[in-house]
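Residue numbers start from 1 in every chain, and the chains themselves are labelled A, B, ... in the order their sequence lines are given, proteins ahead of strands. Quick note: numbers below take in every heavy atom, side chains included, and nothing from hydrogens, waters or symmetry partners.
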2 protein chains.
Amino acid sequence: MTGADIVLEAVGEPNRRRLLELLHLHQESTVSELVDASGLNQPQVSKHLKVLATAMLVAVRADGRHRHYRLDGTGLQVAHDWFASFEDVWQSRFDTLDELVSTQPNPIPAEEQLP
Amino acid sequence: MTGADIVLEAVGEPNRRRLLELLHLHQESTVSELVDASGLNQPQVSKHLKVLATAMLVAVRADGRHRHYRLDGTGLQVAHDWFASFEDVWQSRFDTLDELVSTQPNPIPAEEQLP
DNA sequence: ACTATATATTCCTCGCTGGGAATGCAATAC
DNA sequence: GTATTGCATTCCCAGCGAGGAATATATAGT
């Protein structure tokens with residue numbers, strides 16, 4: 001079991017996605033900067049960041065009384081790979097056409113199959 | 001605004017992810033088949049499928065009193081693209097190294113910077 | 001020492017949502 | 001026609017989780 005459950009449940013929350021997007025713009029951000037940028041108050045930002053950290057979506061770097069948060073590729077890649085496993089669903093956009101082709105092995109020289 | 005919010009919130013639920021994975025194995029499934037395969041009871045499956053349908057993650061095909069559900073690439077691709085926009089985060093795996101390089105333009109001939 | 005700043009944590013509350021049971025509603029079977 | 005099957009919908013309830021206020025903790029500044 002990959003941590004996909006924890007990751008996708010963490011990303012299910014809108015404000016947490018906003019924090020991820022903010023962290024994507026500015027490489028690193030302190031909690032205060034995220035508070036100003038997100039409009040949330042400080043306790044909520046800290047709590048959301050905690051959830052994101054346990055999902056390995058963000059990483060922390062302590063610096064004095066500041067804590068610099070940055071994105072962590074680990075969790076992000078887990079989520080990305082989970083959706084990537086469904087790529088075949090939309091990459092075959094010829095839904096009904098594909099079924100037709102796969103059931104008819106040789107479309108052009110069809111006479112060869114006849115006795 | 002893309003429907004990413006609706007999609008990612010729909011996928012945040014574990015049982016809904018199970019339904020998506022089940023639909024990925026069997027190309028199409030009726031509600032009864034999903035009930036048997038998932039262990040959930042019928043009303044829950046119907047409700048979860050409704051959420052997935054409004055997120056354009058599944059599509060329905062009516063056939064008599066049966067309803068065949070299949071994956072819909074629309075919502076899946078939206079979610080995939082949202083995570084793909086973060087690809088740069090994990091594709092540069094040399095996190096600390098990158099910082100070093102970007103702050104020191106000429107790594108080898110360092111003496112040139114000295115007075 | 002005291003004060004102020006930065007962040008985390010606790011407590012409480014409230015709204016939302018998933019789960020369960022019952023019901024509604026078509027469509028097939030008899 | 002009635003009965004039955006397949007699915008959707010409604011109702012209610014319990015629990016979880018996000019939000020807010022207050023508090024705790026630590027570090028820097030004076």
Closest approach to the side chain of [X], judged atom by atom: which nucleotide of [options] is it?
{"X": "B/His48", "options": "C/dG18, D/dT5, C/dT7", "value": "C/dG18"}
{"X": "B/Gln44", "options": "D/dG19, C/dT7, C/dG19", "value": "C/dG19"}
{"X": "A/Ser32", "options": "C/dA6, C/dA8, D/dA8", "value": "C/dA6"}
{"X": "A/Lys50", "options": "C/dT9, D/dT9, C/dG19", "value": "C/dT9"}

### Task
Name the residue closer to the 5' end of DNA chain C, choosing between B/Pro43 and B/Val51 according to the nucleotide with the nearest heavy atom.
B/Val51

Using whole Å, what does the distance between atom [atom2] of nucleotide [N] and atom [atom1] of [X] come to?
{"X": "B/Arg67", "N": "D/dT5", "atom1": "CZ", "atom2": "C1'", "value": "14 Å"}
{"X": "A/Ile6", "N": "D/dC16", "atom1": "CD1", "atom2": "C1'", "value": "17 Å"}
{"X": "B/Lys47", "N": "C/dG19", "atom1": "NZ", "atom2": "C1'", "value": "7 Å"}
{"X": "A/Asn15", "N": "D/dG19", "atom1": "CG", "atom2": "C1'", "value": "10 Å"}
{"X": "A/Arg17", "N": "D/dA18", "atom1": "CZ", "atom2": "P", "value": "12 Å"}
{"X": "B/Glu9", "N": "C/dT17", "atom1": "CD", "atom2": "P", "value": "7 Å"}
{"X": "A/Asp63", "N": "D/dT27", "atom1": "CG", "atom2": "C1'", "value": "11 Å"}
{"X": "A/Glu33", "N": "C/dA6", "atom1": "CD", "atom2": "C1'", "value": "12 Å"}

### Message
Before you tell me yes or no, could you show the steps for A/His24 and B/Phe86 under ring pair (Phe, Tyr, Trp, His ring centres under 6.0 Å), namely the whole-Å CA-CA distance, both residues' side-chain angles and the distance that decides it to 0.1 Å?
### Response
CA-CA 7 Å; A/His24 195 209; B/Phe86 290 94; 4.6 Å; yes

### Task
With rounding to the nearest 0.5 Å, note down the distance linking CG in B/Leu76 to CZ in A/Phe83.
7.0 Å

### Nearest-nucleotide comparison on DNA chain D, the residue closer to the 5′ end among A/Gly64 and A/Asn41
A/Asn41

### Which residue lies more 5' along DNA chain D, comparing A/Leu40 with A/Arg65 via nearest heavy atoms
A/Leu40

#### Entry: Which atom of A/Ser46 lies closest to which atom of A/Val31, heavy atoms considered
OG-CG1, 4.0 Å

### Query
Between the base of C/dA8 and the side chain of A/Gln42, is there a donor-acceptor distance below 3.5 Å?
yes

### Message
Just by distance, no angles: are the side chains of B/Gln91 and B/Asp88 close enough, under 3.5 Å, to form a donor-acceptor pair?
### Response
no

#### Entry: Distance-only polar pair, side chains of B/Trp82 and A/Glu21, donor-acceptor under 3.5 Å
yes

#### Entry: OP1 or OP2 of C/dA6 under 4.0 Å from side-chain N/O of A/Tyr69
no

